[in-house]
Every structure is written in C-alpha cells, then in structure tokens.
Engineer: 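Below: one structure in structure tokens.
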Amino acid sequence: MPLSEHEQRLLDQIEQALYAEDPKWANTVRISDPRSHYKRRLVKASIGFALGVILLMVGVVINLIPLGVGGFVVMLAACLWGLSSWKRMNGFGDTAAAPGGAPVAGKPARRANRGSFMERMEERWRRRHDEH
C-alpha cells in the first residue's frame, strides 16, 4: 500500500532534514553495496595486525614482555575483527540457518531479504500509523 501524498511529503522533508543535518551519515546510507563498509574494516584490521606484529617484535627485541603480550593481543583482536568483516562481506554467517535451510537450534531465523532502508522506514511508519 503506497503512502498518501501528505505522508510522502512528510517523509521527504524528514529525509532532507536528516541529510542536511549529517552529510556523512547521508553518504554512508547512500552507499548501495554494504560490502564497501566491510572492505574498509578489513583494511583497518590489516593495519591493526601489522601494528600488533611491530609491537610484538619490539617487545621481543628490547625484552619488554608486557609490550610483546600487548602486541599479540592487538594482533589477535585485529584478526578476529577482520575475520568477522570478511565473513559478513562474503555472506557467511548472515543467516541463522543450517546448510539444509533449517534454523540452527537456539537462534531465531532472520528474514532473508530485509529490503532497502526506505522500505524499512516506510514499514515502520505504517506500523506506527496503524497503532494510533
């Protein structure tokens, strides 16, 4: 069910106000491919891993154990962050379903297609309008 003209105008005004208020957020929302976000996270994780290796090596060379341990922790955290980003970027772990399509025990099944940002906003608007 499409929005009425009045509702569409209100929605457009809200959208324009949000874009004017926070252009960085607007640019992030406009990105059509969410994988670009995860690619940036992978680059940051790679830099963190390299920093961790450097800290680890410096700690070993100057015989400062806490610095070496800190470097290892940074490496481990960067690996975990990068791995989670890589999995999301490639579509692994997005659904809580087993390979056969059955939901995994203990995890609620997610909707396969959530739609675009504007479609979700319209759905929320309709639900609120229907409640009142």
Engineer: Let me check something: do Val69 and Leu76 share a hydrophobic cluster, defined by ILVMFWY side-chain heavy atoms less than 4.5 Å apart, either directly or through other members?
Structural biologist: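 Different hydrophobic clusters.
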Engineer: Does the side chain of Lys44 reach to within under 4.5 Å of the side chain of Trp81, using non-hydrogen atoms?
Structural biologist: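 Lys44 reaches Trp81 side chain to side chain.
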Engineer: Determine whether Leu55 and Val53 fall in the same hydrophobic cluster, where Ile, Leu, Val, Met, Phe, Trp and Tyr are linked whenever their side-chain heavy atoms lie under 4.5 Å apart.
Structural biologist: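 As far as the 4.5 Å side-chain criterion goes, Val53 and Leu55 are not connected within one cluster.
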Engineer: Rounded to the nearest 0.5 Å, what separation is found between the CG atom of Leu42 and the CG atom of Leu83?
Structural biologist: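 Result: 9.0 Å between the selected atoms.
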Engineer: Taking the basic N atoms (NZ, or NE/NH1/NH2) and the acidic carboxylate oxygens, is any pair closer than 4.0 Å for Glu123 and Arg126?
Structural biologist: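 A salt bridge links Glu123 with Arg126.
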Engineer: When you check the side-chain N and O atoms of Gln8 and Asp12, is any donor under 3.5 Å from an acceptor?
Structural biologist: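 Yes.
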Engineer: Leu56 and Val58: same hydrophobic cluster, using ILVMFWY side-chain contacts below 4.5 Å?
Structural biologist: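 No; tracing contacts between hydrophobic side chains, which count when under 4.5 Å, never links both residues.
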Engineer: Using the rule that Ile, Leu, Val, Met, Phe, Trp and Tyr join whenever any side-chain heavy atoms are under 4.5 Å apart, tell me whether Trp125 and Phe117 fall into a single cluster.
Structural biologist: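 Trp125 clusters together with Phe117.
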Engineer: What's the separation between atom CE in Met121 and atom CD1 in Ile14, rounded to the nearest 0.5 Å?
Structural biologist: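 Separation between the atoms: 10.5 Å.
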Engineer: Test Met118 against Leu11 for side-chain contact (heavy atoms from CB on, under 4.5 Å), laying out the working first.
Structural biologist: CA-CA 10 Å; Met118 290 306 294; Leu11 189 61; 3.8 Å; yes
Engineer: Counting N and O atoms only, with roles assigned by atom type, does the side chain of Glu7 sit under 3.5 Å from a partner on the main chain of Ser4, one being a donor and the other an acceptor?
Structural biologist: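 Pair found, side chain donor or acceptor close to backbone of Ser4.
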Engineer: So, do Lys39 and Ser85 sit near enough that their side-chain heavy atoms are less than 4.5 Å apart?
Structural biologist: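 No - every pair of side-chain heavy atoms lies 4.5 Å or more apart.
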Engineer: Following the transitive rule for hydrophobic clusters with a side-chain heavy-atom cut-off under 4.5 Å over Ile, Leu, Val, Met, Phe, Trp and Tyr, establish whether Ile62 and Ile54 coincide in one cluster.
Structural biologist: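 Yes; tracing contacts between hydrophobic side chains, which count when under 4.5 Å, links both residues.
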